[in-house]
Q: 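Structure in structure tokens, see below.
Below, chain A is the first sequence line, B the second, and so on; all start at residue 1.
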There are 2 protein chains.
Amino acid sequence: MSKDEEILEELSEFFKAFSHPVRLKIIINLMEGPQCVKNLGETLDMSQPSISQHLSILRNKGIVGCRREGSLICYYIKDPRVKKLYNILIKEELSWQEKS
Amino acid sequence: MSKDEEILEELSEFFKAFSHPVRLKIIINLMEGPQCVKNLGETLDMSQPSISQHLSILRNKGIVGCRREGSLICYYIKDPRVKKLYNILIKEELSWQEKS
DNA sequence: TGATTATATTTTGATATAATAATAACCTAA
DNA sequence: TTAGGTTATTATTATATCAAAATATAATCA
């Protein structure tokens with residue numbers, strides 16, 4: 001596979017991370033700061049395994065990272081492209097976010 | 001479904017359009033200007049039905065539009081978010097594009 | 001009209017993704 | 001070390017997506 005093909009593959013994988021509403025929710029929440037899985041589950045009102053599965057997808061793509069803090073595992077945005085994307089395309093669509 | 005849920009659904013559908021390397025290629029090509037299906041097929045070296053299928057996905061999401069011009073059908077970028085996305089995230093990753 | 005070119009749709013089979021349930025692993029505190 | 005709370009993984013089933021092939025539609029030209 002050529003270099004350009006690889007770039008396109010990687011880019012499409014990146015966008016695939018955003019192509020599910022639950023993952024979008026997770027990403028939007030993490031944009032406000034690192035969160036542990038438990039908090040995410042409560043905020044999004046979803047089952048723990050489901051949250052965990054989507055987090056593992058985001059982790060595998062390098063979009064989020066995590067660190068253990070005692071009994072909790074704290075997730076945070078890792079890929080710098082997420083911030084760009086959030087600022088120009090996501091933030092302004094969300095009614096509950098101020099458009100500073 | 002709440003308003004916010006709908007927004008997230010729509011956004012995730014939008015990103016899903018970019019989550020396949022062939023569709024990325026098509027979008028990148030159309031960013032340089034409208035193209036007919038035949039040209040796209042030749043440029044990308046892909047079968048006509050395959051191009052056409054991906055175009056119909058992009059069409060259904062409102063990302064591209066098309067108009068008939070004689071015997072050809074000309075596709076163009078329709079969703080204004082595409083240009084934003086292209087400029088901040090896609091363009092700079094492509095080695096064959098100048099980063100003006 | 002029939003033939004040709006351009007494009008779209010449909011179908012099929014293979015593969016990937018999703019939700020859910022069950023279980024396992026890990027940490028902390030008693 | 002056991003118990004309880006937190007997170008991850010696995011298995012299963014349902015659904016979605018993909019590529020490829022076959023077929024259908026639409027316009028043009030002879």
Q: Could you check how far CG of A/L58 sits from P of C/dA18, rounded to whole Å?
A: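 Rounded to whole Å, this separation is 10 Å.
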Q: Could you tell me whether the phosphate oxygens of D/dT17, OP1 or OP2, come under 4.0 Å of any side-chain nitrogen or oxygen in B/K16?
A: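 Yes, such a contact exists.
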Q: Could you label the plane-to-plane angle of the B/F15 and A/F15 rings as parallel, tilted or perpendicular, counting under 30° as parallel and over 60° as perpendicular?
A: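 It falls in the parallel class, under 30°.
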Q: For A/I26 and D/dT7, what is the distance between atoms CD1 and P respectively, to the nearest whole Å?
A: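 Rounded to the whole Å, the gap is 13 Å.
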Q: Taking the nucleotide of DNA chain C with the nearest heavy atom to each, does A/Q48 or A/S19 sit closer to the 5' end?
A: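 Residue closer to the 5' terminus by nearest nucleotide: A/S19.
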Q: Apply the side-chain contact (heavy atoms from CB on, under 4.5 Å) test between B/I51 and each candidate in B/K25, B/E42, B/K38, B/M46; give the one that qualifies.
A: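 Answer to the side-chain contact (heavy atoms from CB on, under 4.5 Å) test with B/I51 among B/K25, B/E42, B/K38, B/M46: B/M46.
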Q: Rounded to the nearest angstrom, tell me the gap between atom CG in B/L55 and atom P in D/dC18.
A: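 Going from CG in B/L55 over to P in D/dC18 covers 14 Å.
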Q: If every non-hydrogen atom of B/P21 is compared with every non-hydrogen atom of A/E9, which pair is closest and at what distance?
A: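 Heavy atoms of B/P21 and A/E9 come nearest at CG-OE2, 3.6 Å.
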Q: Tell me whether the side-chain N/O atoms of B/R59 come closer than 4.0 Å to OP1 or OP2 in C/dT9.
A: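 Yes.
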Q: So, does A/Y75 get its side chain near the phosphate of D/dT6, meaning an N or O under 4.0 Å from OP1 or OP2?
A: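 No, A/Y75 has no side-chain N/O under 4.0 Å of OP1/OP2 on D/dT6.
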Q: Would you say the side chain of A/Q53 and the base of C/dA18 hold a donor-acceptor pair, judged only by whether the two atoms sit under 3.5 Å apart?
A: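 Check fails, no donor-acceptor contact within cut-off.
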Q: Choosing from D/dT6, D/dA21, C/dA6, which nucleotide comes nearest the side chain of A/K38?
A: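 Closest nucleotide among those given: D/dT6.
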Q: Under 4.0 Å, counting only non-hydrogen atoms across every strand here, what does B/S71 touch: a base, just sugar-phosphate, or nothing?
A: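 Touches sugar-phosphate only.
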Q: Closest approach of B/L24 and B/F18, non-hydrogen atoms and distance?
A: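 Closest heavy-atom pair between B/L24 and B/F18: CG-O, 3.5 Å.
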Q: By nearest atom, which of the nucleotides C/dA18, D/dT7, C/dT7 is closest to the A/R23 side chain?
A: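 So the side chain of A/R23 is nearest to C/dA18.
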Q: Mind checking if A/I57 touches a base, just sugar-phosphate, or nothing, with heavy atoms under 4.0 Å?
A: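 If one applies the 4.0 Å heavy-atom cut-off, A/I57 turns out to touch the sugar-phosphate alone, with no base involved.
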Q: Check the distance between D/dA20's P and B/M46's CE and give it to me in whole angstrom.
A: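 My rounded result for the distance is 8 Å.
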Q: I want to check one thing: is the phosphate of D/dA19, taken as OP1 and OP2, less than 4.0 Å away from some side-chain N or O of B/H54?
A: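 Yes, because at least one side-chain N or O of B/H54 sits under 4.0 Å from OP1 or OP2 of D/dA19.
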Q: Rounded to whole Å, how long is the line connecting atom NZ of B/K25 with atom P of D/dA19?
A: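 Rounded to the whole Å, the gap is 11 Å.
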Q: Rounded to the nearest angstrom, tell me the gap between atom CD1 in B/I73 and atom P in D/dT25.
A: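 So the CD1-P distance, B/I73 to D/dT25, works out to 15 Å.
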Q: Rounded off to whole Å, could you give me the CD-to-P distance for the A/E13 and D/dT17 pair?
A: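 So the CD-P distance, A/E13 to D/dT17, works out to 15 Å.
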Q: Please tell me if A/H20 has a side-chain N or O lying less than 4.0 Å from either OP1 or OP2 of D/dA16.
A: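 Looking at the OP1 and OP2 atoms of D/dA16, neither is under 4.0 Å from any side-chain N or O of A/H20.
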Q: Please name the residue in the list B/I26, B/V82, B/L30 that meets the side-chain contact (heavy atoms from CB on, under 4.5 Å) test with B/L58.
A: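 Of the listed options, the one satisfying the test is B/I26.
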Q: Write down the distance between CG (B/N60) and P (D/dT17), rounded to a whole number of angstrom.
A: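 Value for this atom pair: 12 Å.
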Q: Starting at the 5' end of DNA chain C and moving along, which residue's nearest nucleotide shows up first, A/G70 or B/C66?
A: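 Nearest nucleotide further toward 5': that of B/C66.
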